Amino acid sequence: MAQTHQTINPATEEVIATYDLASDEQALQTLRDSHEAFLQWRTTSLEERGNILREIAKRLRAKKDDYAALMTQEMGKPISQGGDEIELCAAICEYTADTAADELADEERALDGGRALISYQPIGVILGIQPWNFPFYQVVRYSIANIMAGNTVLLKHAPNVWGAALEIEKVFAEAGLPENVFRTLLIDADQTGQLIEHEYVRGVTLTGSPKAGAAVAAKSGENLKKSVLELGSNDAYLVLEDADIDKAVETCAQARVYNNGETCVAAKRFIVVDSVYEEFRDKFVEKMRQIEYGDPTDPKTTLGPIARGDLRDTLHDLVKRSVDAGATCVFGGEIPDGPGYFYPSTVLEDLKPGMPAYDEELFGPVASLIRVSDENEALRVANDSRYGLGGGIFSKDEKRAIDIARNLFDTGMVNINGYRLAQPHLPFGGVKDSGYGREHGGFGMKEFVNAKTVMIIE
């Protein structure tokens, strides 16, 4: 008898759907089918691939409201934010289609006694292991680049968003993507490990926790497979003495609670220099107090539930452990009564190294305030983290902020005087325990290709 898995609405705790897990043989057959599809897909032209990607973008936009509602139902994303995720997915499809001919074009280089070509060729089946927090975007981010490069793609999505996973497969097929070029696998972690070991899987990409990333990287390495990892972060936002405090407060509050605070590149630690700390703190606390959780299907709601009950328990445990270690909970920090996995907007201060709210990634609407003496200490504290995905700087001296961001901030991405999520034309990824490899900006198309050298002797 097949194993089953249920998806749960995090706002109501009601069962949405029940799914049968694929057997080991079914998963292996899907892999074989994907490999066979690759042998044909790699021969298609970039123009043909690009046309399908543009059709995917068109169809994503046409059902944007339906997909937004599905995300709200499965993982609690406020309904007002789901449309933006779908628009980003569509933009990724279009950008990839528009730029692939240049990104993947053969390069000519000099060769003594002849000439040389560098050709970027697809390598085969790429397995993606993806999280639930941006159910459509996380999949589109890796799959579209690889499909455009001529690879075929398997998806092992988070079980609580399997409805989204199947919808993505459906819209790709309806847009004209040939059979088995993209497939969704309803499998567990053990089955995923078996697939990584198989010769037909040529590359593995994961977005998730450092623990999951380490396990996948180890399994991939054992089998000599390349991997790309995006593993979250504890992003620091620096508020310097010449910052526009009102703008910093507005931006930092939004950057902390967007997507219910469940964003890898959310602002999480707010490192504020002493001279402006009191002003920033008072205004930030007031702003965060105004953010109330509510029904994610209501367009006016900006903070919905945590995606799963166990995730809320983990978040609350990290808050409690920080307070027990000496942190001050300014407000929030209590699990509310009633149905749904809601967690209130929360602000912590008086944080020190060793406290979870200082060291770890708190995946939810919890802000960590850290007071420092000056700019040098602010940067030291910002870099005093095992993570290095994103971060931010608030300063009216743009030239100085750019210098800090470029040369001193030990992260893959930095915002200056604002907050932006991923952009199709800019590389996305981190350093240290936030992982390795890059997606977007053309970089993702070259992560899983063979940079083949052809030497022509004349």
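Remember, predicted model here, so these are calculated numbers, not experimental data.
- One N or O on the side chain of S220 and one on the backbone of V216 form a donor-acceptor pair closer than 3.5 Å.
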Would K63 and E174 count as a salt bridge (charged side-chain N to carboxylate O under 4.0 Å, His left out) if you check the C-alpha gap in whole Å, the side-chain angles of each, and the deciding distance to 0.1 Å?
CA-CA 12 Å; K63 295 189 68 175; E174 290 174 345; 5.6 Å; no
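- We find the CG-CG distance between L315 and N260 to be 11.0 Å, quoted to the nearest 0.5 Å.
- One finds the CD1 atom of I16 at 5.0 Å from the CG atom of N9 (value rounded to the nearest 0.5 Å).
- The salt bridge (Lys or Arg N to Asp or Glu O under 4.0 Å) analysis of residues 141-163, with sequence neighbours excluded, yields the pairs R141-E230, R141-E439.
- Between K287 and E250, at least one side-chain nitrogen of the basic residue sits less than 4.0 Å from a carboxylate oxygen of the acidic one, meeting the salt-bridge criterion.
- With S209 contributing its side chain and A212 its backbone, the two residues share a donor-acceptor pair below 3.5 Å.
- Salt-bridge annotation for E262 and K77: absent, with no side-chain N of the basic residue lying under 4.0 Å from a carboxylate O of the acidic one.
- Sorted by first then second residue, the ring pair (Phe, Tyr, Trp, His ring centres under 6.0 Å) pairs that include residues 349-395, not counting sequence neighbours, are W132-F363.
- Of the possible polar contacts, none joining the R202 side chain to the K225 backbone as a donor-acceptor pair under 3.5 Å is found.
- Side chain of E286 to backbone of D282: no donor-acceptor contact under 3.5 angstrom is found.
- The pair R183-E169 meets the salt-bridge criterion, with a side-chain N (NZ, NE, NH1 or NH2) lying under 4.0 Å from an Asp/Glu carboxylate O.
- The closest donor-acceptor contact from the side chain of N151 to the backbone of F448 lies under 3.5 Å.
- Rounding to the nearest 0.5 angstrom, the gap separating the CG atom in D350 from the SG atom in C329 is 11.5 Å.
- With T346 contributing its side chain and P344 its backbone, the two residues share a donor-acceptor pair below 3.5 Å.
- A donor-acceptor pair shorter than 3.5 Å cannot be found between the side chains of R289 and S345.
- Closest heavy-atom contact between A91 and R61: N-NH2, 4.1 Å.
- Looking at R386 and E360, a side-chain N of the basic residue comes within less than 4.0 Å of a carboxylate O on the acidic one, giving a salt bridge.
- Scanning both residues, S434 and G388, for their nearest heavy atoms gives OG-N, 2.9 Å.
- A salt bridge does not link K58 to E94: none of the charged side-chain nitrogens sits closer than 4.0 Å to a carboxylate oxygen.
- Annotation: the span from L240 atom CG to K396 atom NZ amounts to 12.0 Å, rounded to 0.5 Å.
- A donor and an acceptor atom, one from each side chain of T152 and S34, are located under 3.5 Å apart.
- You'll find the ring centres of W162 and H157 outside the 6.0 Å limit.
- Judged by distance alone, with hydrogens and angles left aside, the side-chain atoms of S368 form a donor-acceptor pair with the main-chain N or O of A357 at under 3.5 Å.
- For R321 and D317, the salt-bridge test passes: some basic side-chain N is under 4.0 Å from an acidic carboxylate O.
- Ring pair Y67/F136 is tilted by interplanar angle, where 30° to 60° counts as tilted.
- Taking every heavy atom of both residues into account, G294 and F342 meet most closely at O-CE2, 3.2 Å.
- Side chains of N415 and Y237: a donor-acceptor N/O pair is present below 3.5 angstrom, by distance only.
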Apply side chain to side chain contact (heavy atoms under 4.5 Å, CB included) to residues F182 and I147 and explain how you reach the verdict.
CA-CA 8 Å; F182 176 92; I147 288 168; 4.3 Å; yes
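- Here the CD1 atom belonging to I404 is positioned 10.5 Å from the CD1 atom belonging to I402, to the nearest 0.5 angstrom.
- Below 30°, between 30° and 60°, or above 60°: for Y137 and F134 the angle between ring planes is above 60°, a perpendicular geometry.
- Counting only distance, with no hydrogens or angles, the side chain of E13 and the backbone of G340 share a donor-acceptor pair below 3.5 Å.
- Between T99 and E103, the side chains place no donor N or O within less than 3.5 Å of an acceptor N or O (distance only, hydrogens not considered).
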Tell me which donor-acceptor pairs under 3.5 Å the side chains of residues 264-277 have, and how far apart each pair is, sequence neighbours excluded?
residue, atom, partner, partner atom, Å
K268, NZ, S233, O, 3.2
K268, NZ, T263, O, 2.9
K268, NZ, C264, O, 2.8
K268, NZ, E361, OE2, 2.9
R269, NE, N234, O, 2.9
R269, NH1, V381, O, 3.0
R269, NH2, N234, O, 3.3
R269, NH2, A382, O, 2.9
D274, OD1, R371, NE, 2.8
D274, OD1, R371, NH2, 3.0
Y277, OH, E349, OE1, 2.6

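- Between the side chain of N146 and the main chain of Y142, a donor-acceptor pair closer than 3.5 Å is present.
- At distances below 3.5 Å, at least one donor-acceptor pair connects side-chain atoms of H5 with backbone N or O atoms of P159.
- Salt bridge status for D298 with K300: absent, with no side-chain N to carboxylate O gap under 4.0 Å.
- Using modelled atom types, one finds a donor on one side chain and an acceptor on the other under 3.5 Å when comparing D295 with T297.
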Apply side chain to side chain contact (heavy atoms under 4.5 Å, CB included) to residues F331 and V285 and explain how you reach the verdict.
CA-CA 8 Å; F331 70 90; V285 167; 3.8 Å; yes
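- For the atom pair CG (N160) and CD (E74), the distance works out to 7.5 Å, reported to the nearest 0.5 Å.
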